Amino acid sequence: MPAILIIDDNTSVATALDVLFSLHDIDTLQATSPEQGLALLREHPVDLVIQDMNFTEDTTSGEEGEALFARIRQAHPDLPVILLTAWTHLGTAVELVKAGAADYLPKPWDDRKLLTTVNNLLELSEARSELDRRRQREQRQRSALEQRYDLCGAVFADPASERVIALACQVARSALPVLITGPNGAGKEKIAQIIQANSAAAKGPFVTVNCGALPAELIEAELFGAEAGAYTGANKAREGKFEAADGGTLFLDEIGNLPLGGQMKLLRVLETGRFERLGSNRERQVKVRVVSATNADLGAMIREGSFREDLYYRLNTVELTLPPLAERPGDIVPLAEHFLAADKPLSAAARTALQRHPWPGNVRELRNVIQRAELLAIGNRIEVADLNLPRAPAAPRGAGAMIDPDRQRIEGALASNHGIIAQAAAELGLSRQALYRRMDRFGIPRE
């Protein structure tokens, strides 16, 4: 049950408020002086404070209330405080609200308005408390992960990223092949590095091949090597990436670009550890952990006949799916700050703009945006204009222009606001009740 501390020298006021709140299942604590109120705050958990602004007879300046509010705010920065008085000047109340007071209500108060304000503040306070608890829990989990494993300097704060990284660490000790799926620029190579760093072959080489950056006729020579004269321009024998990665990990990026001939040879290496260089009949033996990655729909490629089904099942013994950056909103600002080279912080508005951008280019796009902004920013901080992000398309005007948010928009708003209903509803332009109705319609749980 929530608890409210009432600090007012008029006991009849405290009694009236106690009766009002008790009818709505809200406990109250009562203090008749600032000192008594501060003592109760130290001794009892309180969700909200309602305080008077004057405590000395014939005093109407509000200075006592200002001093009390300052002390409460210093000891409890996030505790909501409602100012309640008949005498304080409006200017004083406005300044205190700017300083962090939740609301200002005159005496005599309107019961309905006061209850609405209190219930809204208690709901927001509970949401913030739950968010704080969740963040602390996630921070403890990240700290435990960092202490137990080598995360190769990975920067993350979103639970979606943490789940993928934790699973990568878990499967690293096995020698089984791993397939990492996800869009371009999402950070798949970093996941592969984490797998290598926590594997039994951590001290071995980590060799990367981008199968999408090589001509099809050279991919096999790149992977398996070639003898002199095996193809035009091969003047001497060359070692392939499998040989270079012997005793370590071979990361095959964009595996969907591997031609069918190379796929057949790759399947054989995965099954036997044996292969031949191009132009050679001599088998070579290697011990290599293969980690592959793709942004392609390999299932569709199998149906089209451009990717071997047996190789697919051999590659994805363990499959890790890294979501796009837009689905990991908690990572955006930490990554942006990580990419900053100089001592030039992001403004609050710039942080908000970064979190609202859809990031079709994922982490790679974010890095480019931050590096460009840092180079071009004139002031001491990076502002929204320095980011040079494309503007979101303007909403259409006229009757019926409001578009009812779909499930994806609702889930995105909930994720970007860490599940706080009031903030997600404001972002979507809905009331809390309207958002709840749409969540129920789409089957989105009320957590």
Side-chain angles (χ1 to χ4, degrees), residues 164 167-168 170-184 186 188-189 191-196 199-201 204-226 230-231 238-322:
V164 177
L167 186 55
Q170 183 178 345
V171 304
R173 286 289 173 184
S174 166
L176 294 174
V178 176
L179 176 64
I180 307 170
T181 59
N184 282 334
K188 297 189 291 294
E189 184 170 354
I191 301 299
Q193 291 172 354
I194 291 172
I195 293 173
Q196 153 77 3
S199 70
F206 179 81
V207 179
T208 299
V209 179
N210 188 339
C211 299
L214 294 170
E217 61 272 13
L218 293 181
I219 289 180
E220 288 188 49
E222 186 75 14
L223 289 177
F224 308 112
Y231 58 90
R238 59 174 296 186
E239 181 183 69
K241 298 299 186 183
F242 267 98
E243 291 177 77
D246 193 13
T249 301
L250 179 62
F251 176 54
L252 300 178
D253 200 6
E254 302 301 338
I255 189 67
N257 291 83
L258 191 63
L260 286 171
Q263 292 177 31
M264 184 173 62
K265 284 192 174 183
L266 176 58
L267 178 61
R268 184 169 180 237
V269 178
L270 291 174
E271 291 178 342
T272 68
R274 298 177 180 274
F275 66 96
E276 300 93 21
R277 288 180 178 178
L278 287 181
S280 172
N281 292 321
R282 184 169 72 88
E283 281 193 336
R284 298 172 186 272
Q285 180 84 38
V286 292
K287 186 177 181 181
V288 174
R289 169 77 172 275
V290 173
V291 177
S292 52
T294 185
N295 69 331
D297 184 349
L298 295 184
M301 294 180 66
I302 290 171
R303 292 189 292 273
E304 295 167 359
S306 58
F307 200 86
R308 293 178 64 101
E309 186 173 11
D310 48 3
L311 176 59
Y312 172 72
Y313 290 119
R314 194 69 176 82
L315 287 173
N316 80 335
T317 306
V318 178
E319 182 172 346
L320 305 178
T321 300
L322 187 60

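Residues take their numbers from the sequence shown, with the count starting at 1. These numbers were taken from a predicted model, which means no experiment stands behind them.
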Taking every heavy atom of S292 against every heavy atom of F251, the minimum-distance pair comes out as C-CE1, 4.2 Å
Counting C-beta onward and ignoring hydrogens, is there a side-chain heavy-atom pair between V207 and V288 closer than 4.5 Å? no
Under a 4.0 Å N-O cut-off, is there an ion pair linking R238 with E222? yes
Test log, rule side-chain contact (heavy atoms from CB on, under 4.5 Å), inputs Q196 and V291:
CA-CA 9 Å; Q196 153 77 3; V291 177; over 6 Å; no
Using a 4.5 Å cut-off on heavy atoms from C-beta on, say whether the side chain of E189 contacts that of F206. yes
Heavy atoms of A201 and G247 approach each other most closely as CB-O, 3.5 Å
>> Taking the side chain as everything from C-beta on, heavy atoms only, tell me whether I195 gets closer than 4.5 Å to V178.
In response: yes
Between P177 and T317 the two heavy atoms that sit nearest each other are O-CB, 3.7 Å
Looking at side-chain heavy atoms only, is the closest gap between E319 and T181 below 4.5 Å? yes
| F224 and F242 aromatic ring geometry - parallel, tilted or perpendicular at 30°/60° bounds | parallel
Here the gap from E254 atom CD to N184 atom CG, rounded to the nearest 0.5 Å, amounts to 5.0 Å
Exercise for review: Decide yes or no on side-chain contact (heavy atoms from CB on, under 4.5 Å) for D310 and L267, but give the supporting numbers first.
Suggested key: CA-CA 8 Å; D310 48 3; L267 178 61; 3.3 Å; yes
Original post:
Any side-chain heavy atom of R274 within less than 4.5 Å of one from V269?
Top reply: no
Do the side chains of L315 and R308 get nearer than 4.5 Å, heavy atoms only?
no
Could you tell me if the side chain of E243 sits less than 4.5 Å from the side chain of F275, heavy atoms only? yes
If you apply the rule side-chain contact (heavy atoms from CB on, under 4.5 Å), what do you find for L270 with L311, and how did you get there?
CA-CA 9 Å; L270 291 174; L311 176 59; 3.8 Å; yes
Checking side-chain contact (heavy atoms from CB on, under 4.5 Å) for the pair K188/L320: CA distance, chi angles, key distance, verdict?
CA-CA 9 Å; K188 297 189 291 294; L320 305 178; over 6 Å; no
Separation between CG (L252) and NZ (K241), nearest 0.5 Å, reads 11.0 Å
So, do L298 and N316 sit near enough that their side-chain heavy atoms are less than 4.5 Å apart?
-> no
| E276 with R268: basic N within carboxylate O range, under 4.0 Å | yes
Closest non-hydrogen atoms of I191 and A168, given as atom of the first, atom of the second and distance, are CG2-CB, 3.9 Å
Between the CG atom in L322 and the CG atom in N295, the distance rounded to the nearest 0.5 Å is 12.0 Å
Is a donor on one side and an acceptor on the other found under 3.5 Å between the side chain of D253 and the backbone of V209?
-> no
So OH of Y312 and OG1 of T294: to nearest 0.5 Å the spacing works out to 10.0 Å
Interatomic distance, CD1@I219 vs NZ@K265, rounded to 0.5 Å, equals 13.0 Å
Heavy atoms of R289 and L176 approach each other most closely as NE-O, 2.6 Å
Heavy-atom closest pair (A172 atom, S199 atom, distance to 0.1 Å) is O-CB, 3.3 Å
